[in-house]
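Below: one structure, written as structure tokens.
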Amino acid sequence: MNIFRLAGDLAHVFAIIILLLKIWKTRSCAGISGKSQILFALVYLTRYLDLFTTYVSLYNSVMKVLFLASSGATVYLMYVKFRATYDRNHDSFRIEFLLVPCLLLSLLINHEFTVMEVLWTFSIYLESVAILPQLFMVSKTGEAESITSHYLFALGSYRALYLLNWVYRYIVESHYDLIAIFAGIVQTILYCDFFYLYITKVLKGKKLQLPA
Amino acid sequence: EDNGNDHDEL
């Protein structure tokens, strides 16, 4: 554990709390992509199967359970409790275009050809692109509520901070994981356009609105 | 060859 990793994990937890609070307080999931949330739930389900096989630390186990529970809760709130507020017409990204390539790539490029490792690899690849339906939705409507922008900023920061964690671990511990590093770079690049808009607009008190 | 997944990172 190092400061970058801890900061990344906290940004991730913070993002999830912002999203759950937004949905709960406004009793609405307008502007949130249910497809991205389903993909994230799938990411955690396939990655954290090792909860049953590998014990790392209490911190590690608690965080894994937290991510599984919160993503399950988000999907429940969107598709069951506040279903009427779900903006499905704007959530039209075809997720099979993400699922199929990630599955094929994880079968081809992995650390070890075992069920657990392929599923772990699939989750890493899928996480890197899971935000695309959400970004697509923002681009379709041309705007995002401030609270949604804060959520996206915290969620994007998490993998960016992990990049620093990987640099640190490479230098200090000589540990590196090319699959995680490559996917983390892709994931962070996908947020760059959003980061730019967030810093130039939302932080100056304006609503996130895309140029027409 | 890299060191791979150490199951620690989330």
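Below, chain A is the first sequence line, B the second, and so on; all start at residue 1. Every heavy atom of this structure was used, including side-chain atoms; hydrogens, water molecules and symmetry mates were not.
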Are there more than 12 heavy atoms of other residues, nucleotides or ligands under 6.0 Å from atom [atom1] of [X]?
X: Leu21(A); atom1: CG; answer: yes
X: Arg83(A); atom1: CZ; answer: no
X: Tyr170(A); atom1: OH; answer: no
X: Phe14(A); atom1: CZ; answer: no

Do Leu10(B) and Arg5(A) come close enough that some side-chain heavy atom pair is under 4.5 Å?
yes

Got Arg169(A) and Asp6(B) here, is their nearest side-chain heavy-atom distance under 4.5 Å?
yes

Answer with side chain, backbone, both or neither: which region of [X] has an atom nearer than 4.5 Å to a non-hydrogen atom of chain B?
X: Ser174(A); value: backbone
X: Tyr158(A); value: side chain
X: Glu117(A); value: side chain
X: Asn110(A); value: neither

Hey, what do you get for [atom1] ([X]) to [atom2] ([Y]), rounding to the nearest 0.5 Å?
X: His7(B); Y: Trp120(A); atom1: NE2; atom2: CH2; answer: 8.0 Å
X: Asp177(A); Y: Glu9(B); atom1: CG; atom2: CD; answer: 7.0 Å
X: Met116(A); Y: Asn5(B); atom1: CE; atom2: CG; answer: 9.5 Å

Heavy atoms under 4.5 Å from chain B: which residues of residues 49-69 of chain A carry them?
Asp50(A), Thr54(A), Val56(A), Tyr59(A), Asn60(A), Met63(A), Lys64(A), Phe67(A)

Please evaluate residues Met1(A) and Asp8(B) with respect to the criterion side-chain contact (heavy atoms from CB on, under 4.5 Å), reporting the C-alpha separation (whole Å), side-chain torsions for both, the decisive distance (0.1 Å), and the verdict.
CA-CA 9 Å; Met1(A) 179 62 78; Asp8(B) 180 16; 5.9 Å; no

